[in-house]
Number of protein chains: 2
Amino acid sequence: MREDDAYRAATMYYLQDQTMEVIAKTLGVSRSTVSRLIKSAREEGVVRISVRQPSGSGTNIGHRLSATFGIKTHVVPVREHATELHRLEQVAMVAARLLTEWATPQMVLGVAWGTTVTAISRHLAPTPVRGSSVVQLNGAASTAAGGVTYAGDLIASFARAFDSTPYLFPVPAFFDFAETKAAMWRERSVRRVLDVQRHVDLALFGVGAVAADVPSHVYNAGYLDDAEMAQLTADRVVGDVCTVFLREDGSYRDIAINARATGPSPGDLRQLARRVCVAVGEAKVPALLGALRARVATDLIIDETTARSLLDRLRGSVRP
Amino acid sequence: MREDDAYRAATMYYLQDQTMEVIAKTLGVSRSTVSRLIKSAREEGVVRISVRQPSGSGTNIGHRLSATFGIKTHVVPVREHATELHRLEQVAMVAARLLTEWATPQMVLGVAWGTTVTAISRHLAPTPVRGSSVVQLNGAASTAAGGVTYAGDLIASFARAFDSTPYLFPVPAFFDFAETKAAMWRERSVRRVLDVQRHVDLALFGVGAVAADVPSHVYNAGYLDDAEMAQLTADRVVGDVCTVFLREDGSYRDIAINARATGPSPGDLRQLARRVCVAVGEAKVPALLGALRARVATDLIIDETTARSLLDRLRGSVRP
DNA sequence: AACCATCGTGCACAGATGTGCACGCCAGGG
DNA sequence: CCCTGGCGTGCACATCTGTGCACGATGGTT
């Protein structure tokens, strides 16, 4: 009843360009109610709005990035002086919209966890996708409490939005011993999830930066001890993708801790058709550069300011 | 430049929920300009808004029609006392939006001509569709002047909207002699168009009603002489689809004039995957009933008032 | 039965949006 | 050279839209 009214109101508003006043009279409710109906229609995914990039947008930032790394880039316009938190919110909104736009029946969506992905999850409008699954890409349990429920809620919120089957990955972010990982990887319960991960059609992840203003989750939630942090610095690690650490040049294979990490390596990721990387914040630029050089992404969603920083660093002219 | 600004403004407005004031400051223009940029983004097809029908809308008119005729129905909400012209405009708007939503690469769009289809053409937002074609379904030349350019403009406006190759059908609406039709149908120039028509993926047409308040084009533009009109009445013809005449029970094969008509018969239409019928006006109900019984449509776009009328007539309780 | 929490609604106001008008810029033509 | 028509812009106003608040209905609990 209510949903049907929302549908009727949305049709009249968006498809027939009627004012809410007129719609209110037709439906026999107050204008305020119509406003709320239309809002709920948007939030419930009854209304979908997409914006397509005009083909001939010439020399702008997005196209430069796309050309350099051979990826599709979505640059989110933001005001110059906008705070990083504000920008994160903007980018997350756009990412959430694009994601629902890219959803296809039977899709397997792989999601990592972190501040960025969590922000995206807050902006997802419900978009039922027949036969879809959502799978957690990397383990989240840590010595500190809360990692599992945190990641669990995150996956659940994606699964709810797409009406998908959720697959959790109940392993720690890092094993203490590489042998344990090897052992667990032989367990059928784990293998089942790994198998789903290999069939991911659309992977979604952010990048972690070791030195960030809004510090990335991994480096602050008790996942790593002091010795490990020191080792990262010694290894010239600048950040991570799916809790696999990277250097700015994109190398990662010889970083010891990665043998104990549970997320897919850049090499694993590259097997997947579509890999969407979302990044906000100048501090993430070195890590992002490493990620792009490791070719982890096919799509990049980034705010204008960070994008500019990235291009600057590429040219070698690092700004203060 | 302008288009790029429109894209940025539209992104910020629709995807990031920014106010125009904020967008104006970011882009360095006045708020009014932003309003206009966003409007143009909508009109130029940069922004697409679609409204999906909630699955569980139970006993409403649309579902009753869908169940009765085995078609998909889109009922356009209108105010009860709305004029027929107003309703036509509403329905045409919705039809235009749905059409762009249904457009797929390589599609062949078949369009008839008439008041309804013309109204739709006025509301089409440009939506480039790779490799698409638009083909005229029925001839339009008449003894009175203007038929050809009229249909030509119509087809051209569809072709422009979808960036398609247009195929005109340069034959009269009705031949005077069935033999001429047979002869023309052997001509290669005509056969080429007929061949495109057979590959139509999406056919769009209205229904003509012999006795309409807003009279249908065929019966008023000099296509038929008095004797022919009298013959139609004698044959219990209630209207036409693509200038092929029908009775209310859906029969059409034994109506003499149809042998001289150039549009696809219901039987021809049924070969096409998707056939979208658009209808407005109580006067069209008998003709529409005939059309639906002849199974010419897979999709029906109709206003609420006409839909109600249609259901009433189905139940035998014709209202005054 | 009384109570309370929750929810949906309309009212009224604040804020956001659309648009007629006038101004200024530019290009083409006299 | 000026004139003129077309176009894009900002201003100011009218209209449209979003939302805090209060009220009333509903349903469950004590």
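Sequence lines set the chain letters: A, B, ... in the order given, protein chains first and strands last, and positions in each chain run from 1.
- Taking 4.0 Å as the cut-off between side-chain N and carboxylate O, B:E101 and B:R97 do not count as a salt-bridged pair.
- B:Y13 has no side-chain polar atom (N or O) that falls below the 4.0 Å cut-off from OP1 or OP2 of C:dA16.
- Each of B:S30 and A:Q18 was matched to the nucleotide of DNA chain D holding its nearest heavy atom; the match closer to the 5' end belongs to B:S30.
- Counting non-hydrogen atoms under 4.0 angstrom, B:S35 reaches a base of the nucleic acid.
- In this structure, the CZ atom of A:R31 is 10 Å from the C1' atom of C:dG10, given to the nearest Å.
- Between the side chains of A:T306 and A:R87, at least one donor N or O lies within less than 3.5 Å of an accepting N or O.
- Taking 3.5 Å as the limit, the base of C:dC11 and the side chain of A:S32 contain a donor-acceptor pair of atoms between them.
- Between the CD atom of B:E3 and the C1' atom of D:dG8 there is a distance of 17 Å, given to the nearest Å.
- The pair A:R315-A:D312 counts as a salt bridge, with a side-chain nitrogen and a carboxylate oxygen less than 4.0 angstrom apart.
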Atom pairs and distances, donor-acceptor, side-chain atoms in residues 119-126 of chain B, under 3.5 Å, two or more places apart:
residue, atom, partner, partner atom, Å
B:S121, OG, B:T118, O, 2.6
B:R122, NH2, B:E89, OE1, 3.3
B:R122, NH2, B:E89, OE2, 3.4
B:H123, NE2, B:E89, OE2, 2.9

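- In this structure, the CG atom of B:L37 is 17 Å from the P atom of D:dC7, given to the nearest Å.
- Between the C1' atom of D:dT15 and the CE atom of A:M20 lies a distance of 13 Å, rounded to the nearest Å.
- Between B:K39 and the phosphate of C:dT19, there is a side-chain N or O to OP1/OP2 separation shorter than 4.0 Å.
- Nucleotide D:dG20 holds its P atom 10 Å from the CZ atom of A:R36, rounded to whole Å.
- Of all nucleotides listed (C:dG10, D:dG10, C:dT17), C:dT17 comes nearest to the side chain of B:T19.
- For the pair B:E21 CD and D:dA12 P, the computed distance is 13 Å after rounding to whole Å.
- We find that CD1 of A:I23 is positioned 12 Å from P of D:dC16, with the value rounded to whole Å.
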